[in-house]
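Contents: one structure, followed by commentary.
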Amino acid sequence: MRALLALTVFGGGIAQVTLAPALRIGVVTPDIPLIIVVLLALRRGAETGCLAGAVVGLMQDVAGGGLLGVQALTKALVGFVIGAAAPRLSVTQPLVQVPGLVLLSVAEALARFALLKVFHFPVAFGELMTYVVLPQALYNGFIGAVLALGLAWVEAYRRRVS
Amino acid sequence: MKIRRLTLLGSVAGLCLLLLSLQTRGHASGAADALARVTVPVQSGVAAVNRAAHGVWATYLDWKNVRGENRRLREENRQLRVESLWVSETTEENLRLRRLLALHDRLPVPTMAGEVIAREWGGWVRSLTVNRGRADQVARLTAVISPEGLVGRVVEVRPGASIVQVLTDPASTVGAHVVRTRTAGIVEGEPRGTIRFKYLAREGGGIQAGDLVVTAGLSGVFPRGIPIGRVTAIDDRGSALFHYAQLAPLVDFARIDEVLLVTGERMQDLTAFFPGGSER
């Protein structure tokens, strides 16, 4: 199970640099690692979410060539928070999943922006939100809902078979 | 449990912040390099797989496009073939009509163009139906010709059409002579769809294969000098009164589509107005 977990996390990081460009709509690409972190945190809890977020975020930092640790920290935080809140959340409906992922994406972006500002990140907030964060958040919500529905279907199928 | 979680979060956050602060001082390149050593080969491998998958997908799309294009081109090719046939058919018709018009213009007798609308090719009767009839003042026994030569005569006139007995009809007889030798005789149709020239033996000396046979113009039905056919073989019957020569008709009765009906004076000599008329 741990191997599968590691594979999922690692695969998510790799998918961001290989699969995500193929899913591009205009200039907007989904943040696949974030979606994976959220899905893992909801199912496995805060620790798994936190570790998965750190690993996958670090991979993104390495792949992106920016400051190491920024995305590792923000995704670890997202994973942790979602994992900790999961028992109190009801996220089985797409109507919850889509806005939830959108909000989480925005929150992660805000955290990342705040952290980067400490290191004198030069881009204006409004511009970043308009052209990068919000479109990507919406796309994340859509992809996340599709993935969540797919997982739910697979689980239902496995239950029926077993 | 809660402490463990918070410890984990603190460790992760601390590690990240440490990395960040080290980078600002220019000391974290080693860590980035170490991580890259792990991730870059995997990324390269996955990218290769990704490229291959893209290649397969692109090949599939190409194949699909090629199939669609192939279908479209086949359809286009079919349409073009039909158009080409139509154009060649129209060109041929144009050519035939031009030749018919040229004949119509150069002949000194009035003629009327007609289109073959039916053929009777059973063997008992060989005839053509032409779209000129009583309304066009077509008379019975009107001579029917084409740019190649004699076709036959009108044997029946109907309101909108005429029936033309062609030379190969077994009941058809036409007074004729050989252009080169002036040998007179009768061209008869045969049941097998051929024509023969029947002539008196004593007059037949010197007829050769290839000789042109034209109408004699004695009966008043056909003008003189319309080509009928060429001698292909001589049937010498020794001391018999009549000899026969097999003729190859100049007109292809099975394929002729347009004809001229000679409506006026039939006593003129038309030898000079057809090809081969000056072979004497």
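A note on names: the letters A, B, ... follow the listed sequences, proteins ahead of strands, and every chain is numbered from 1.
Most heavy-atom pairs under 4.5 Å with chain A: of the set C16(B), A13(B), S11(B), this distinction falls to C16(B). The residue among G69(A), G79(A), A72(A) with the most heavy atom pairs within less than 4.5 Å of chain B is G69(A). Comparing V70(A), L73(A), L51(A) by how many heavy-atom pairs each has under 4.5 Å with chain B, the most go to L73(A).
More than 12 heavy-atom neighbours from other residues, nucleotides or ligands sit within 6.0 angstrom of CZ on F113(A). Atom CZ of R106(B) is surrounded by more than 12 heavy atoms from other residues, nucleotides or ligands within 6.0 Å. Other residues, nucleotides and ligands contribute only 12 or fewer heavy atoms inside 6.0 Å of the CZ atom of R98(B).
Note that the OG1 atom of T48(A) and the CG atom of L8(B) stand 9.0 Å from one another [nearest 0.5 Å]. Separating the CG atom in L20(B) from the CG atom in L116(A) is a distance of 8.0 Å, to the nearest 0.5 Å.
With a threshold of 4.5 angstrom between heavy atoms, L18(B) does not approach chain A through any atom at all. Using a 4.5 Å cut-off between heavy atoms, V118(A) does not touch chain B at all.
The shortest distance between side-chain heavy atoms of L15(B) and L58(A) does not fall below 4.5 Å.
Residues A76(A) and L9(B) approach most closely at O-CD1, 4.4 Å, considering heavy atoms.
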